[in-house]
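First up is the structure itself, then whatever we jot down about it.
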There are 2 protein chains.
Amino acid sequence: MDDIDRMLIGLLQEDATRSYAVLGKAVGLSGGAAHERVRKLRERGVIRRTTIEVDQAALGRAVTSYVMIEGGSWMGDSAAELAAIPEIEEAHVIAGPASLLLKIRTPGTRELQDVLRRVFQVDGVTGTRTIVVLETFFERTLK
Amino acid sequence: MDDIDRMLIGLLQEDATRSYAVLGKAVGLSGGAAHERVRKLRERGVIRRTTIEVDQAALGRAVTSYVMIEGGSWMGDSAAELAAIPEIEEAHVIAGPASLLLKIRTPGTRELQDVLRRVFQVDGVTGTRTIVVLETFFERTLK
DNA sequence: TATGAAATTGATGACCC
DNA sequence: GGGTCATCAATTTCATA
C-alpha cells in the first residue's frame, strides 16, 4: 500500500472504465504494471468490486430516511433479519441512546411506514425514531 | 425504463466488469442491444458512473460516525463549506430536532474531534450530537 | 515488481431488419 | 429498438530482466 496504490484507487473511484494504459501513464508506470497492482488490490480485498453508481430517485426510491432503533442485544440473527428487508441500505450498531442505525430508501413515506412495521417485528426492537431526509447536499466517495 | 433496463442495472451493480455479450445473454438480447441500452441509461443519468467499492478500513478510515447538527438556515453556502471537509461522506438536510445529518469517516476518534471542530465553525451551526458506529452489519447497494 | 510484446477477448460503429 | 458483422481497442498472459 504505497502512494501509487492510493493514486490508482482514487483514479478508479472517479472512473473505473479507464484503461490500464491510461492508469499507468497517470501514475508513471507501464500499463502492465498498473494492471498487476490493481489485480493485487482486488486480491487483497482493498478493492471490493467494480460497480455502477445509480440515481436512486430515477429508480423510484425518492425518500431517504434514517431510523434509530432502541432495543436489546443483537446477538441472534438480527443482522440477517434486517438484511432480509430490501429497503434497508445500511445497518450499524451504534453507541448512544439508541443502539442501531438504519439507512432506508423507499419510493415514498407510505412505503417507509411498511418498512418500519417490518423493522418493529425484528427480535429485540423496542422502539424506533425516524429521521426523514428533506434534501441531500451530497453523497460522495471519499478520496 | 422497463424490466430489462432494471435487470441490466442490477447486473452491473453486482459486477460492472461484465462484458456486454454476457449482459445481453443474461437479459435475452444481443451484446450490441445491451450495449445500446446501457449507453442510454448513462446518457439519461440513471447510471451516474462506473466506480470501485473500496474497503475503507484498509485505507485507514476505521471509524464511521454520524453527526446531527442543530442550527439555523442553510441558505448560504453551508453545503460548500461542508463539502470542503474531506472526511464528510454525506450531508443531508433532515426533518426533526436537528437539521443536518453528516456521515463522517476518520482513522480514529482523535481525528473525529478535529472534524467536529471544523464543523462547528461552519456558518449557522449551534450544536452537534455525535453517534459513533461500533459495528457495521452491512453497507450495501440496493437492487 | 516492472517492462514490452503476443494472443485473446471485448467494445464500437455501420448497415439492415 | 434490435441483430449481425467488421474493425479497432483493451485486457490478460508470458518471457525477460
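Throughout, protein chains are lettered first and strands after them, A, B, ... in sequence-line order, and every chain is numbered starting at 1.
- Distance NE2 (His35(A)) to P (dT13(D)): 7 Å, rounded to an integer number of Å.
- Here Ala33(B) lies in heavy-atom contact (under 4.0 Å) with sugar-phosphate atoms only.
- For the pair Leu29(A) CG and dT1(C) C1', the computed distance is 10 Å after rounding to whole Å.
- In this entry the distance linking CG of Asp5(A) with P of dA2(C) reads 9 Å, nearest Å.
- Comparing dG3(D), dT12(C), dT13(D) against the side chain of Tyr20(B) picks out dT12(C) as the nearest.
- Per the geometry, NZ belonging to Lys25(B) stands 18 Å off P belonging to dG2(D), to the nearest Å.
- Note: CZ (Arg42(A)) to P (dT12(D)) measures 8 Å, nearest angstrom.
- In this structure, Ser65(A) contributes its side chain and Val132(A) its backbone to no donor-acceptor pair below 3.5 Å.
- Counting any heavy atom pair closer than 4.0 Å across all strands shown, Ser30(B) reaches a base atom.
- The distance between atom CZ of Arg39(B) and atom P of dA14(C), rounded to the nearest whole Å, is 12 Å.
- Rounded to whole Å, atom P of dA14(C) lies 12 Å from atom CD of Glu36(B).
- The side chain of Arg37(A) lies closest to dA2(C) when the candidates are dA2(C), dG3(D), dT12(C).
- Checking side-chain atoms of Glu111(A) against main-chain N and O of Gly108(A) turns up a donor-acceptor pair under 3.5 Å.
- When ring centroids are compared, Tyr66(A) and His92(B) come within the 6.0 Å threshold.
- Contact of the Asp15(B) side chain with the Leu12(B) side chain is not registered, since no non-hydrogen atoms from C-beta on lie closer than 4.5 Å.
- Atom CD of Glu43(B) and atom P of dT12(C) are 14 Å apart (whole Å).
- For the pair Lys40(A) and dT1(C), the criterion of a side-chain N or O lying under 4.0 Å from OP1 or OP2 is met.
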